Structure formats: structure tokens, C-alpha cells
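As the structure lists them, so they are numbered: ligands from 1, and atoms in each ligand from 1. Every value quoted in this text rests on a predicted model; they were computed, and no experiment measured them. The figures here come from the full heavy-atom set of this structure, side chains too, leaving out hydrogens, waters and symmetry mates.
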Amino acid sequence: MASLGIPQNTIEVLQKYNFNFQKKFGQNFLIDTSVLTRIIDAAEITKDDCVLEIGPGIGTMTQYLAESAREVVAVEIDKALIPILEDTLSAYDNVTVINEDILKVDINRLVQEKNAGKAIKVVANLPYYITTPIIMGLFESGVPLQSITIMVQKEVADRMQVGPGTKDYGALSLAVQYYAKPEIVANVPPNCFIPRPNVGSAVIRLTRHEKPPVEVKDEKHMFALIRASFNQRRKTLVNGLGNAGNLNVSKEKVAAVLEEMGKSPTVRGETFTLEDFALLSNLLLS
Ligand code: SAM
């Protein structure tokens, strides 16, 4: 099968199967061989690797992955794509396609079965409507992974990479940076896809930290603090955290801990680094 990264080949497959794009599944298929090569290069795939691909579509990137990896597992929600994938991937015996919603798959079990529990790489041109739940699900479920190399909406890639003091900084930046080192690898314009998305895209690589960069007594508590701080972005931390019912902490306690940290009593969460949130959480729990 000729490369589907060449637009004419993708169009032929779509016509052969009379395929109808499903907006609800975020279907924008890549039709640019240089972007595909960039993704594979950034993911540093070798013949030792077991790769999980989320949303293979008609198998465009899957073909590249099958060429470079030892084993590829591709999870696709749209059952109309399954016969197409059987056709476009027929030349490869190292690809398993699973017709499932990725949010319902037990990925830990999959890694156990396919890679004897050793760390996998995730590579995907993600459906943009569920980018955050997919990424957070991968990190929080403790799936053994080396890296996640994904195409996401440009704005979301920016949010993952920035630090305090920028408008894009928020709970997603802190969560991603707690688990991984983010690096934007490429910006990708809408004309590299069929159909064209309404937004710009970017490829970002998240390399999993061996150990988180900060020590926290209770991760869940720190993330609850982070979420509460950014839910009420315009409030000071004393007011924002003191009002958050689920945290069970008084304004006086927050003020006392901020003083101990040498922070102003009117400080806002958007100025806090990951280290600051870790310390705040540890001190509130002590
Ligand atoms: N990888 C292909 C490519 O690059 O051309 C397709 C990428 S397209 C942006 C996203 C793909 O994810 C679609 O094939 C879509 O059907 C699939 N998808 C959407 N939601 C999904 C879910 N919850 N679980 C698994 N696949 C999903």
C-alpha cells in the first residue's frame, strides 16, 4: 500500500470505502509526509519499541509506526474505520487494531500483555475534544511509559509548556510538568489535514520524568489545591482556597502558611511555580 501521507492516496481510500467523516470523533486525517516523518523522528521510535497509537484513522501514521517499531497497538473508536485499517495495514504483521474508546481501555493490562509491563511510547494525532482526559488518564493511571508524542491544538500545546506569569499558565501546565518534560516539536497548519481543522495544531513531546521534580506528601491534595487556585483565577489564594469546600482549610491557615513561605498575603495562584504548590500543600498538611 502506497503512503497515505500523500493526499491523493488518502482521497482514493476515502472514496473506495465511501467514508463519511464524523465530526463528533474529531476526525482530521494527516496528509503531509514531512509532518509524519517529524512525528516519528521526535518520538525516537526504534525496533525495540512497543507503541500505543490513539485514533489511527485510516492508518496513515500507523504505517510509519509499523515500519519503525517492533509492535504497534492502535485503538480506534469508529467501527467504520476497522475494515479500512484491515486493508491499509494488511502488509504489517506487527500491528493490532482494537475497536474501543481509549478512555475505556485498561492500558495497564494492554502494556502487560504486549510489552511484558515494560514502558511503552504513545504516539497520536489526538482527537482534540478529549486531549486533556487522555493525557491525564495516561499519567494518573501510572501506565509505564517513556514518552507521549502527540498532535494537539496549538493553544493546548502552549498551555502545557508555559510557566507562571503567562495567560496560558494553569492547572494543565502544572499537571503535565509534574509528570513530564514538555517540548513543542513542530507547528502544523490546517492545510496538512483533511478535512482542515478550524485551529492551528502543534506536535508536542512529553518525556516522562523518572521521578517527579518536587516531593509531595499527597499528590491528590496538591492537585486539588491547584485546581481550586485556577478555578478562581482572579481571587487571591487566601480567598480562593479558603472558599473551596472540598479542601477543608480556613483562610487563616492559608494566610499563616503563605507567611511561613515568605509570600505576600494577597498572592494569586497564577504566580505560583510547581515548587510553590508542592510546599504549600506539604505545609497545609503538616
Ligand atoms: N491518526 C489519524 C491521522 O493522523 O490521520 C487520525 C487522527 S484523527 C485527528 C483522530 C482519530 O481518533 C480519529 O480516527 C477518531 O475516530 C479517533 N477517536 C476519536 N475519539 C476516540 C476515542 N475516544 N478512542 C479512540 N479513538 C478515538
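- Put simply, the side chain of T88 gets close to the backbone of I58: a donor and an acceptor are under 3.5 Å apart.
- The single protein non-hydrogen atom nearest to atom 18 (N) of ligand 1 is I77 CG2, 3.6 Å, given as residue, atom name and distance.
- A cation-pi arrangement is present between K263 and F272, with the terminal nitrogen or guanidinium carbon under 6.0 Å from the aromatic centre and inside a 45° cone about the axis.
- Using a 4.0 Å cut-off between heavy atoms, L126 contacts ligand 1 through its backbone alone, with no side-chain atom that close.
- For the atom pair H209 NE2 and F139 CZ, the distance stands at 8.5 Å (nearest 0.5 Å).
- A donor-acceptor pair shorter than 3.5 Å can be found between the side chains of K114 and T96.
- Distance from atom 19 (C) of ligand 1 to its nearest protein heavy atom, with residue and atom name: F25 O, 3.1 Å.
- The backbone of E100, and not its side chain, has at least one atom closer than 4.0 Å to an atom of ligand 1 (non-hydrogen atoms only; backbone = N, CA, C, O).
- In this structure, atom 24 (N) of ligand 1 lies nearest to the protein heavy atom I102 N, 2.9 Å.
- Of the candidates I98, I194, N125, it is N125 that places a heavy atom closest to atom 4 (O) of ligand 1.
- No side-chain heavy atom of Y169 sits less than 4.5 Å from a side-chain heavy atom of L172.
- Contacts between A124 and ligand 1 below 4.0 angstrom, taking non-hydrogen atoms only, are absent altogether.
- Using modelled atom types and a 3.5 Å distance limit, the side chains of E67 and Y92 yield a donor-acceptor pair.
- Taking atom 1 (N) of ligand 1 as the reference point, the nearest protein heavy-atom neighbour is G55 O, 2.8 Å.
- Side chains of S90 and D87: a donor-acceptor N/O pair is absent below 3.5 angstrom, by distance only.
- For the pair V122 and L138, the minimum side-chain heavy-atom distance is below 4.5 Å.
- Nearest to atom 2 (C) of ligand 1 among the protein's heavy atoms is P56 O, 3.3 Å.
- Each of the atoms 8 (S), 9 (C), 10 (C) of ligand 1 lies under 4.0 Å from some heavy atom of G26.
- Residue-level proximity to ligand 1 for L81 is carried by the side chain, the only part with a heavy atom below 4.0 angstrom.
- If you check which protein heavy atom lies closest to atom 20 (N) of ligand 1, you get Y129 OH, 2.8 Å.
- Exactly one residue among R227, H221, K220 makes a side-chain contact (heavy atoms from CB on, under 4.5 Å) with F223. That residue is R227.
- Which of N28, L30, D101 comes nearest to atom 5 (O) of ligand 1 through a heavy atom is settled by distance: it is L30.
- Under the 3.5 Å distance criterion, with hydrogens and angles disregarded, a donor-acceptor pair is assigned to the side chains of Q27 and D78.
- Closest non-hydrogen pair, I39 versus M151, comes out as CD1-CE, 4.0 Å.
- Residue F29 approaches ligand 1 through these ligand atoms, each under 4.0 Å from one of its heavy atoms: 5 (O), 6 (C), 14 (O).
- In summary, the atoms of ligand 1 found under 4.0 Å from a heavy atom of E53, numbered by their order in the structure, are 1 (N).
- Around atom 14 (O) of ligand 1, the closest heavy atom drawn from Q27, E76, K104 belongs to E76.
- Note: an N/O pair closer than 3.5 Å links G57 and ligand 1 by distance alone.
- Counting the atoms of ligand 1 from 1 in the order shown, those under 4.0 Å from a heavy atom of V75 are 25 (C), 26 (N).
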